[in-house]
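Following: one structure in structure tokens, then a few remarks.
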Amino acid sequence: MLKPPLMTQTDASADPITVPAGLPSVDRLLQDVRLADLPDRVGRSCVVEAARTVLDEARSRLLAGGRIDADGLADRVVAHVAAAMAPSLRPVLNLTGTVVHTNLGRSALPEAAIEAMTRAARQPVDLEYDLAAGKRGDRGGRLEARIRSLTGAEAATAVNNNAAAVMLVLNTLANRRAVPVSRGELVEIGGSFRLPDIMRRAGARLVEVGATNRTHLKDYEEAMAARPALVLKAHTSNYAVIGFTKAVPEKELAALCRRCGIPFCIDLGSGTLVDLDRFGLPHEPTVQEALASGADLVTFSGDKLLGGPQAGVIAGRADLVARIKKNPMHRAFRLDKLRIAALDATLALYSQPEQLAETVPTLRWLARPLPDIRVVAERVAVHLEPVAPDGWQVEAIDCFSQIGSGALPAEALPSVAVRLTPQAGRPQMGKRAAGRMLRDLAAAFRALPVPAIGRVGEGAFWLDMRCLEKPETLLGQIDSLAWPCPP
Ligand SMILES: *Cc1c(COP(=O)(O)O)cnc(C)c1O
């Protein structure tokens with residue numbers, strides 16, 4: 001309802017142009033019955049803040065010559081308070097087709113990890129306390145033992161993320177010293193992990209080896225003249241160099257490093273502990289394989305293919321890990337009790353590898369059988385078809401998902417999407433208009449109570465159903481979808 005500005009507080013004989021003065025005061029607005037119970041529920045300062053914001057907005061609008069709905073001010077305050085009190089992270093539906101999506105929080109945690117984390121959050125725990133001795137104990141000691149037994153490594157430690165793990169390895173072992181890396185492996189991962197930058201910050205001097213597409217053993221042999229502190233091999237996780245290529249096998253590089261008496265370190269990136277073949281997925285080098293090939297240290301992420309919380313694991317030679325743990329940076333990058341609990345519980349699931357495709361959501365989504373995905377896609381398509389406005393073509397159609405976060409970049413996973421194509425059979429709609437319709441439709445799905453994130457491509461909007469386990473969450477809110485109108 002649009003009303004002329006209120007003039008409640010000013011003398012009616014005053015200059016009628018000074019409309020903002022006609023707004024209620026904060027106190028007056030707070031007396032509205034709709035706001036009566038709010039201060040008790042969320043605190044007075046929060047409500048006052050919201051009332052000020054709403055009044056400021058109304059004032060600006062009036063000053064700009066606009067009108068306001070004076071009666072709706074209290075409702076706007078209620079909405080502002082609700083928004084201010086809502087948790088800052090909102091659950092969304094990942095229908096992008098990228099399973100481990102960094103922008104959407106990478107791995108969803110296994111139930112066991114969520115329970116372990118909740119337990120550790122709720123009460124005091126023996127995080128760094130030796131119950132038998134009754135004094136200070138080893139922080140993360142049991143987690144490290146679990147990593148050792150799963151990987152076969154002599155020693156291990158876990159830190160904030162894999163970027164921190166790489167930084168620690170380099171800063172501890174190669175500060176102010178040379179580190180040869182193949183030119184084909186100077187990776188940049190999304191979110192500003194750039195190997196050359198990390199190396200510089202860690203104090204290591206990058207010695208580029210070989211060419212972008214081909215690096216030979218003799219290139220590394222020549223680099224030994226720089227008396228390097230270690231040799232680093234990085235898994236080229238988010239791209240593939242294809243065609244006329246050559247990389248030196250880990251075993252040969254490990255043998256060379258052993259001859260020269262320097263550590264050989266592999267940054268695996270995703271780092272899986274199980275052979276993905278068992279889920280019908282393409283092979284990705286495992287941590288155990290990297291260690292068996294002769295790596296002295298291996299680093300990998302906790303929240304990529306491992307399917308746990310954000311973390312970085314360093315596993316390998318005991319003397320090197322001991323030096324790393326003494327670096328003050330290790331203290332700065334350490335894990336808190338919640339993530340120690342979550343990572344430990346995630347790793348515990350790996351002692352039953354046959355169950356992983358059930359217990360670890362990331363692996364469950366990656367291994368999800370195509371017919372299961374198709375059933376969901378068809379159900380969603382059947383639901384959308386009758387409610388889609390004229391001109392939208394809705395169909396369940398084969399597509400490809402990707403693992404994401406740098407694992408297996410060149411490999412695609414067959415999947416099924418719901419594809420929405422604008423103005424099918426209406427060729428008069430221009431490309432630009434169709435593009436706008438698609439962007440608007442993507443925005444409408446993002447504006448749902450539980451935002452659904454799809455992707456626009458090839459003249460259509462795609463909702464990949466691989467990660468949608470409860471279609472009801474999507475279907476239950478389709479009625480509130482604001483379909484874009486054709487121009
Ligand atoms: C992802 C990745 C990193 C960074 O790991 P975070 O856990 O995101 O810090 C480092 N190296 C490689 C090869 C990666 O794939």
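Counting convention: from 1, in listed order, for ligands and their atoms alike.
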Practice prompt. Would you mind listing which atoms of ligand 1 come within a distance below 4.0 Å of any non-hydrogen atom of S301?
Written response: 5 (O), 6 (P), 7 (O)
Item to complete: Taking the side chain as every heavy atom from C-beta outward, state whether F461 and M437 have any atom pair closer than 4.5 Å.
Response: no
Got a list of side-chain donor-acceptor pairs under 3.5 Å for residues 114-127, not counting sequence neighbours?
| unit_1 | atom_1 | unit_2 | atom_2 | d |
| --- | --- | --- | --- | --- |
| T118 | OG1 | I114 | O | 2.6 |
| D126 | OD2 | R142 | NH1 | 3.4 |
| D126 | OD2 | R142 | NH2 | 3.4 |

Practice prompt. Indicate the atoms forming the closest heavy-atom contact of G308 with L109, along with that distance.
Written response: C-CD2, 3.2 Å
Practice prompt. May I ask whether D267 places a heavy atom under 4.0 Å from ligand 1?
Written response: yes
Worksheet item: Can you list the ligand 1 atoms lying under 4.0 Å from a non-hydrogen atom of A163?
Response: 4 (C), 5 (O), 6 (P), 9 (O)
Worksheet item: Considering T102, N162, T299, which one's heavy-atom position lies nearest to atom 4 (C) of ligand 1?
Response: N162
Worksheet entry | Closest candidate by heavy atom, reference atom 14 (C) of ligand 1, pool K304, H235, Q310 | K304
Discussion item. Run T157 and H330 through side chain to side chain donor-acceptor pair (under 3.5 Å) and show every step you take.
Written reply: CA-CA 9 Å; T157 184; H330 186 267; 2.8 Å; yes
Discussion item. Let's go through E284 and K304 carefully: what are the C-alpha distance in whole Å and the side-chain angles of both, what is the deciding distance for salt bridge (charged side-chain N to carboxylate O under 4.0 Å, His left out) to 0.1 Å, and is it a yes or a no?
Written reply: CA-CA 12 Å; E284 167 92 348; K304 292 183 180 173; over 6 Å; no
Worksheet item: Hey, which atoms in ligand 1 end up nearer than 4.0 Å to a heavy atom of R106?
Response: 6 (P), 7 (O), 8 (O)
Discussion item. Quick check on contacts: which atoms of ligand 1 are under 4.0 angstrom from a heavy atom of G269?
Written reply: 12 (C), 13 (C), 14 (C), 15 (O)
Worksheet entry | R455 NZ/CZ over W462 ring centroid, <6.0 Å and within 45° of normal | yes
